[in-house]
Amino acid sequence: MQKILTLLSTALVVSLDSFVAGFSVSINKRKNISLPATVALCTFVMCLLSTLLGMALRNVLDAYVDSFSAIILVTLATINLLKCDEDSVTMQPPALAECAAIGVAVGMDACVANLSLSVEGYGIIAPIVFAVTHYFTVWLGQTMAGKVYIKYSNIFSAAVLFTLAAVRVI
């Protein structure tokens with residue numbers, strides 16, 4: 001029972017940024033399945049790879065994971081900030097490349113957490129739980145964003161992504 005609680009609580013903690021990313025990227029945009037599915041797929045693949053690599057790369061990844069994901073989030077925030085305001089209210093879904101970049105950025109926590117869980121013998125179940133949790137938190141963020149209209153959504157989205165990046169660095 002303790003292993004299940006550890007896995008589920010870890011999955012929820014590492015997917016909180018997925019909710020925020022899903023919310024901020026989806027403000028004034030049409031909700032679609034590609035964002036949560038891409039985030040979940042990226043998370044699953046990264047966690048699966050970290051399960052296979054195990055302890056061999058743990059020390060290397062721990063030192064750089066926050067900086068790497070912060071760079072991705074700052075890049076996305078800058079792109080959102082530079083978008084024209086008319087572009088942010090076209091109700092277009094996020095582009096697949098943007099979905100993949102977000103998936104890599106928010107999946108990094110799960111990847112690193114999975115390294116330690118894989119050493120404890122969680123196996124393939126941890127990547128599956130992390131992917132499912134990320135899918136639903138992004139979906140929930142998208143759903144809540146669909147209920148809100150913000151006039152300068154590109155600025156709000158950029159601010160949230162910059163904040164996520166700053167939290168990663170700190």
Aromatic ring pairing Phe23/Phe19, orientation class (parallel under 30°, perpendicular over 60°, tilted between):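 If you compare the ring of Phe23 with that of Phe19, the planes turn out parallel.
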What's the separation between atom CD in Gln142 and atom OG in Ser34, rounded to the nearest 0.5 Å?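 Output value for this atom pair is 7.5 Å.
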What are the two closest non-hydrogen atoms of [X] and [Y], and how far apart are they?
| X | Y | result |
| --- | --- | --- |
| Asn114 | Cys47 | ND2-O, 2.7 Å |
| Gly103 | Cys42 | C-CB, 3.7 Å |
| Ala21 | Ile102 | CB-CG2, 3.9 Å |
| Val104 | Met46 | O-CE, 3.5 Å |
| Val39 | Cys99 | CG2-O, 4.1 Å |
| Pro36 | Trp139 | CB-N, 4.1 Å |

Check each of Thr43, Val106, Leu35 against Ser18 using the side chain to side chain contact (heavy atoms under 4.5 Å, CB included) test, and report the only one that passes.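 So the option named by the test is Val106.
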Side chain to side chain contact (heavy atoms under 4.5 Å, CB included) assessment of Thr51 paired with Ile124: CA-CA 7 Å; Thr51 298; Ile124 190 70; over 6 Å; no
Donor-acceptor pair, distance only, cut-off 3.5 Å: does the side chain of [X] make one with the backbone of [Y]?
| X | Y | answer |
| --- | --- | --- |
| Thr137 | Ser15 | yes |
| Ser50 | Cys111 | yes |
| Tyr122 | Lys3 | yes |

Are Ile125 and Leu8 linked, directly or through other ILVMFWY residues, by side chains that come within less than 4.5 angstrom of each other?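 The answer is yes; both residues are in one hydrophobic cluster.
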Flag yes if Val20 and Leu16 sit in one hydrophobic cluster, no otherwise; membership is Ile, Leu, Val, Met, Phe, Trp, Tyr, and two members link when side-chain heavy atoms are under 4.5 Å apart. no
Test side chain to side chain contact (heavy atoms under 4.5 Å, CB included) applied to His134 and Val14, step by step: CA-CA 8 Å; His134 275 72; Val14 299; 4.0 Å; yes
More than 12 heavy atoms of other residues, nucleotides or ligands under 6.0 Å from CD1 of Ile4: yes or no? no
May I ask you to test the Tyr135-Ile33 pair for a side-chain heavy-atom distance under 4.5 Å? yes
